[in-house]
Amino acid sequence: MYRPLKKSFFHQETLLLARNLLGKYLISKKGSLPLVGKIVETEAYLQNGDPACHAYKGKTRRNEVMFGPPGHLYIYFTYGMHFCMNLVTEPENTAGAVLIRAVEPLEGVSELIHNRLLRSGLKKIDNFNIANGPAKLCQAFNLSTMENGLKLSPNGVYIGYKLNEKDIDEKEIGISPRIGISAGIDLPWRFYIKNNPFVSKTTNQ
DNA sequence: ATCAAGATTACCT
DNA sequence: GGTAATCTTGATA
């Protein structure tokens with residue numbers, strides 16, 4: 001049903017990949033049943049010329065995965081309590097990543113809700129509050145630094161597409177500055193599906 | 001050794 | 001609209 005995207009898909013230029021990931025599917029087969037969400041919001045981060053990128057000042061223990069080959073997960077811990085998931089881009093020794101900010105829950109929804117309830121302490125989670133933010137997404141899909149550096153795999157976590165499904169039309173894509181950063185706020189490197197109720201913020205739509 | 005910042009979220013008025 | 005929670009990381013001494 002969801003075919004894994006080939007390795008070459010992740011060799012696209014980072015900004016293009018961030019845009020082309022919209023409408024593709026985040027799939028995790030780590031648990032007993034598959035968890036699937038449609039990617040509706042992404043952000044691009046680049047080593048060169050981007051002060052918001054973790055790799056802007058060079059390689060460190062934390063960001064070294066970004067300097068590795070594309071098609072791996074870069075997951076980091078932040079604010080003392082949250083994780084964010086990226087896909088590594090750019091050839092080896094050059095750092096780049098696409099942050100997955102939001103997905104539309106499609107399969108394994110009750111499990112996704114269960115995971116969110118467990119980790120957020122909330123009493124109730126509606127469908128629009130499952131994965132409409134990078135840290136919420138990691139809670140729902142049970143992703144943490146345990147998976148940092150993990151290679152995408154059809155048996156674990158991967159990005160898929162549906163056969164015969166058309167790419168998102170250019171007109172349906174919104175572009176804006178990235179959210180939650182204090183440097184590089186002028187760069188319009190956030191991409192989202194317009195009018196999709198599962199994006200993290202409803203502004204700029 | 002110390003310290004400020006952080007690709008966020010939930011809760012408050 | 002504002003801010004507490006919570007702790008790893010990277011920078012500076």
Side-chain angles (χ1 to χ4, degrees), chain A residues 10 14-15 17-19 21-22 26 37 39-68 70 72-90 94-103 105 112-150 157 159 174-193 197-204:
Chain A
F10 300 95
T14 301
L15 287 169
L17 184 67
R19 177 234 171 277
L21 278 166
L22 295 176
L26 171 65
I39 298 172
V40 297
E41 183 182 356
T42 64
E43 285 178 0
Y45 289 87
L46 281 169
Q47 174 186 3
N48 297 311
D50 176 12
C53 181
H54 290 164
Y56 183 59
K57 292 175 181 170
K59 191 193 278 190
T60 65
R61 177 84 117 289
R62 180 204 208 189
N63 67 29
E64 62 184 352
V65 171
M66 288 177 82
F67 288 84
H72 291 241
L73 299 178
Y74 168 50
I75 301 180
Y76 64 87
F77 182 64
T78 189
Y79 290 106
M81 62 189 92
H82 294 305
F83 301 101
C84 293
M85 193 210 93
N86 300 253
L87 295 166
V88 173
T89 63
E90 300 292 316
T94 303
V98 175
L99 173 72
I100 311 299
R101 282 196 58 91
V103 303
L112 293 170
I113 290 176
H114 171 78
N115 287 338
R116 280 275 288 135
L117 288 170
L118 208 65
R119 291 168 176 81
S120 70
L122 294 174
K123 296 185 186 72
K124 202 172 178 193
I125 304 273
D126 67 59
N127 281 355
F128 299 108
N129 193 27
I130 296 175
N132 60 331
K136 296 181 190 180
L137 184 154
C138 283
Q139 288 183 356
F141 282 78
N142 197 14
L143 295 166
S144 72
T145 41
M146 291 269 294
E147 286 79 29
N148 185 38
L150 199 72
V157 179
I159 306 298
I175 301 175
S176 83
R178 294 165 296 179
I179 292 174
I181 54 172
S182 56
I185 52 175
D186 49 317
L187 299 169
W189 288 0
R190 169 176 175 251
F191 304 87
Y192 58 94
I193 300 181
F198 298 92
V199 300
S200 66
K201 307 238 170 165
T202 50
T203 51
N204 299 319

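From a predicted model like this one, the values you see are computed outputs, not experimental measurements. In the text below, chain A, chain B and the rest are named by the order of the sequence lines, each starting its count at 1.
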Go through B/dT8, C/dT8, C/dA11 for me and flag the one nearest to the A/Ala135 side chain. B/dT8
Can A/Arg101 and A/Asn132 be said to form a side chain to side chain donor-acceptor pair (under 3.5 Å), step by step? CA-CA 7 Å; A/Arg101 282 196 58 91; A/Asn132 60 331; over 6 Å; no
Counting only side-chain nitrogens and oxygens, does A/His82 get under 4.0 Å of the OP1 or OP2 atom of C/dT6? no
If I take atom CZ in residue A/Arg190 and atom P in nucleotide B/dT8, what distance separates them, rounded to the nearest angstrom? 11 Å
Determine: side-chain N/O of A/Thr60 to OP1/OP2 of C/dG10, distance under 4.0 Å, yes or no. yes
Using the P atom on both, measure C/dA4 against B/dA4 and round to a whole Å. 16 Å
Expressed as a whole number of Å, how far does the P atom of C/dT3 sit from that of B/dA5? 16 Å
Separation of B/dC11 atom C1' from A/Ile125 atom CD1, nearest Å, is 14 Å
P atom, B/dT2 versus C/dT6: distance in rounded Å? 23 Å
Check whether the side chains of A/Thr145 and A/Asn148 place a donor and an acceptor atom closer than 3.5 Å, and report yes or no. no
Determine whether A/Phe10 and A/Leu87 make a side-chain contact, defined as any pair of heavy atoms from C-beta on separated by less than 4.5 Å. yes
Ranking B/dA7, C/dA11, B/dT9 by distance to the side chain of A/Lys136, first place goes to B/dT9
C/dT6 -> Watson-Crick or G-U wobble partner, both distances under 3.5 Å, gives none
Using atom types as modelled and distance alone, determine if a side-chain donor or acceptor of A/Asn63 lies under 3.5 Å from a backbone N or O of A/Thr60. yes
Can you measure A/Ile179 atom CD1 to B/dT8 atom P for me and round it to whole angstrom units? 8 Å
Considering all heavy atoms of both residues, which atom of A/Gly96 and which atom of A/Thr14 are nearest to each other, and what is their separation? CA-OG1, 4.5 Å
With the stacking rule set at 5.5 Å and 30°, tell me whether A/Tyr76 counts as stacking on B/dA7. no
Would you say A/Glu41 and A/Phe198 make side-chain contact, with heavy atoms under 4.5 Å? no
For A/Arg101 and B/dT8, is the shortest distance between a side-chain N/O and OP1 or OP2 below 4.0 Å? yes
Report yes if at least one side-chain N or O of A/Arg116 is closer than 4.0 Å to OP1 or OP2 of B/dA10; otherwise report no. yes
Look at the side-chain N and O atoms of A/Ser182 and state whether any lies under 4.0 Å from the OP1 or OP2 oxygen of B/dG6. yes
Atom CG of A/Leu73 and atom P of B/dA7: how far apart are they, to the nearest Å? 18 Å
A/Arg62 near the nucleic acid: base, sugar-phosphate alone, or nothing, with a heavy-atom cut-off under 4.0 Å? sugar-phosphate
Of all the choices, B/dA7, C/dC7, B/dT9, which nucleotide is nearest to the side chain of A/Phe77 once you look at every atom? C/dC7
DNA chain B: A/Glu43 or A/Gly121, which has the more 5' nearest nucleotide? A/Glu43
Have a look at A/Leu99 and say if it touches a base, only the backbone sugar-phosphate, or nothing, with a 4.0 Å heavy-atom cut-off. base
Calculate the interatomic distance between A/Ile100 atom CD1 and B/dT8 atom P; express it in whole Å. 14 Å
How close or far is atom C1' of B/dT9 from atom CZ of A/Phe83, stated in whole angstroms? 14 Å
When the distance from CZ of A/Arg119 to P of B/dA10 is rounded to whole Å, what number comes out? 13 Å
Using atom OH of A/Tyr79 as one end and atom C1' of B/dA5 as the other, report the distance to the nearest whole Å. 8 Å
For B/dA7, which nucleotide is its Watson-Crick or G-U wobble mate, given both distances must be under 3.5 Å? none
